[in-house]
Every structure is written in C-alpha cells, then in structure tokens.
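Below is one structure, written out as structure tokens; the observations come after it.
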2 protein chains.
Amino acid sequence: MSETKRGFVRNTKQREVILSVLRGTDTHPTADWVYQEVRKELPNISLGTIYRNLRILVESGQALELSFSSDCSRFDGNPENHYHFACTECGNVYDIDMPVAQGLDAEAEKASGHKVMFHRLEFYGICQACGGGADGDLQ
Amino acid sequence: MSETKRGFVRNTKQREVILSVLRGTDTHPTADWVYQEVRKELPNISLGTIYRNLRILVESGQALELSFSSDCSRFDGNPENHYHFACTECGNVYDIDMPVAQGLDAEAEKASGHKVMFHRLEFYGICQACGGGADGDLQ
DNA sequence: ATAAATGCAAAGCATTTGCAACCAT
DNA sequence: ATGGTTGCAAATGCTTTGCATTTAT
C-alpha cells in the first residue's frame, strides 16, 4: 500500500513537461487531460508514462492526488453525515464520533463564492490496530 | 450526473437483504464484500444487482457512498494541503483559499483513539458558474 | 555500462449496461 | 398487465503492467 521508496529517480523530459502542465493549471485535471496537454509538446508520449509519472510526483510530494483513500467505493449504512478515519497502513475505514462542524460550510462559502451544501471530512493516519495509538507518538 | 429522480421503487427481497447487510456492519464494505455477504442468503444474486441497489440506496439517502466526487483521480500541482470545492452540477473542482484547521486533527485523535497525521476536507454544492452564488440562495 | 524510464499493447479491476425473463404492484 | 427488477454476460473506462527498446547517469 505504501511503496514510497524509490532508489533514485532520473530526470526525463517527460516528467518535466508533465509537472509543468500540472503546475500550469488550476483545473485539477484528470490523467487523461494531462495526457492530451502533454501530447501537444511530446506527441509520442504514452498514457502509461503519464500515470507512472503522476504517481512518482504524488509519492515524492510534488503533487496532490484528489481521490478517496480506497481505489473502489465503500458504503456506509449510516446515511447521516459523519466523519471517517482511514488507516494508511491497513486501509481500514472507521467512523469518528465527533460533532459535524457546520460552521465550516459558511466559512467555505464566504471564501469561495460558491453555494456550499455540505462537506466531507476524512482523517488519515495509523489506526490503533496497526500500532498508531492516539498518544503513542511512536516516531 | 444527477439522476436522483426515479418514478417509483419496488420492494424486492434483494434490496432488503442488501440494506440489512449494510446496516449490520460498521466496516464500510466494498460492493464486492456486500455481494459475498448477501450471497450467503441469496446465492443467485448477481453483482450487477448489488451495484444497482447500492446506487438506489445512496440516491434515496438510505446509505452513504465513501468516495471522491469524481470517478477518476484528479491531480493538483499544489502539493500543500488545502481544501477543495466540488460542484455537484458540473463536476468541476476548485481550490478554496481558507486556512487549514489543524485543531481538527487533535480533536479527531481524541475522539477516535487513532494516530491522526492529516485530514482532507471537501465541500460540495453548486458553483458560481452553475448558478449557485454564495448569497444567491436560489431555492 | 547499467539500470531507470519509455512506448506500446495487453491485462486487470471496478463498475455499468443491454436484454430476455421475472415478479411486485 | 405493466414496467420495474433481476441474472447473466458483455462491455466500458480508468489504471496498471510486461517487455523490448531507449536514455540519463
């Protein structure tokens, strides 16, 4: 789940262009959009290279991936809005019993100018079962 | 993107069992896990039926789907943690310029007992371009 | 020279969909 | 009887991967 280590990384024209495309937009593009864009400069690049490099950029902290922790949807029988904790180690998702901060919606609405209906909040870290206690502070 | 309207919905044994399986666990199962579980009671049910009914349950507010707004990953060239707004109408994702609430991590850690490293917060609603102004209150 | 990175195509997976049969209303 | 629902299988779409070749070091 966490293959964050990579011996060393070579600089390639492809990765350079991908990163500059990513930095040059605020549209939170999909991999395919990046592909189409990069192709204008490197017509022979392949989608596989886009994916491989996006992953490298995310793992090395140069880009953010916007998606839920899991690669597939998970479902919750409790339809009321509540928060979740996802363990980055084992992938388990837990409910968090803490009050929903409604004030955040108003704050975001003022900051963005968009009509905010609700929000979703997920916490990430190491769960108790994986050795990450709330007060452990192992590292 | 929003096919929330459905003429009327019939009650079926399949949907009943799916909902009870969903209500009977707190593991935030995947569609496939639900499938395996429901199969113990209805051996002939198909995965397609699971997916169709999970969608109905989510659309009718009886269950929650845990996933990012989009069906595919989106990438952000800004690697610093910040919040996003996703329009439920057009699917566009916008950055929100508001301070990251670090206090939330401590609160979640206390409430959950897990070691929290960071959190992700997304707001949902109607963006300005789709007619949802911050003060509009159209409805 | 050496191993990382690429392009290409095939494969993998989660999810959706077309369709004939079925069944709740 | 009507049309929503199902089971099945094929299809779709995003993402990954195997491999021979290229290329940064």
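When reading the values below, keep in mind they use all heavy atoms of this one structure, side chains included, and skip hydrogens, waters and symmetry mates. Here is how names work: the chains are called A, B, and so on, in the same order as the sequence lines, proteins then strands, and each is numbered from 1.
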Return the residues of residues 39-46 of chain B meeting this criterion: a heavy atom under 4.0 Å from some atom of DNA chain C. Order them by number, or give none.
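None - not one residue of the stretch has a heavy atom sitting under 4.0 Å from the strand.
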For A:Glu37, enumerate each residue passing the salt bridge (charged side-chain N to carboxylate O under 4.0 Å, His left out) test, keeping only those at least two apart in sequence or located in another chain.
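A:Lys40.
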With no hydrogens and no angle check, is any side-chain donor or acceptor of B:Glu65 less than 3.5 Å from a backbone partner on A:Ser73?
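Judged by distance alone, no pair lies under 3.5 Å.
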Between the main-chain N or O of A:Ser67 and the side-chain N or O of B:Arg120, is there a donor-acceptor pair closer than 3.5 Å?
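A pair under 3.5 Å: yes.
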Do the ring planes of B:Phe85 and A:His114 sit parallel (below 30°), tilted (30 to 60°) or perpendicular (above 60°)?
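The arrangement is parallel - the two ring planes meet at less than 30°.
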Should the pair B:Tyr83 and B:His119 be assigned to parallel (<30°), tilted (30 to 60°) or perpendicular (>60°) ring geometry?
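B:Tyr83 vs B:His119 ring planes: tilted.
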Report the residues that fulfil side chain to side chain contact (heavy atoms under 4.5 Å, CB included) with B:Ala106, sequence neighbours left out, ordered by chain and then residue number.
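For B:Ala106, no residue satisfies side chain to side chain contact (heavy atoms under 4.5 Å, CB included) once neighbours in sequence are set aside.
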Does the Lys NZ or Arg CZ of B:Arg39 fall within the cation-pi geometry relative to B:Tyr35 - under 6.0 Å from the ring centre and within 45° of the axis?
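Flagged: B:Arg39 positioned over aromatic ring of B:Tyr35.
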Applying salt bridge (Lys or Arg N to Asp or Glu O under 4.0 Å) as the test, list every pair that has at least one member in residues 66-79 of chain A; sequence neighbours left out.
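Salt bridge (Lys or Arg N to Asp or Glu O under 4.0 Å) check on residues 66-79 of chain A returns no pairs.
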Side chains of A:His28 and B:Asp95: donor-acceptor distance under 3.5 Å anywhere?
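Per modelled atom types, A:His28 and B:Asp95 side chains form a pair under 3.5 Å.
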Which two nucleotides bound the region of DNA chain C that has atoms under 4.0 Å from heavy atoms of chain B, read 5' to 3'?
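The footprint of chain B covers C:dA14 to C:dT25.
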I'd like to compare against my own output: the B/S/- annotation of nucleotides 15-25 of chain D with a strict under-4.0 Å heavy-atom distance to protein.
BBBB----BBS
When rounded to the nearest 0.5 angstrom, what is the spacing between SG in B:Cys87 and CD in B:Gln128?
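B:Cys87 SG to B:Gln128 CD: 11.0 Å, rounded to 0.5 Å.
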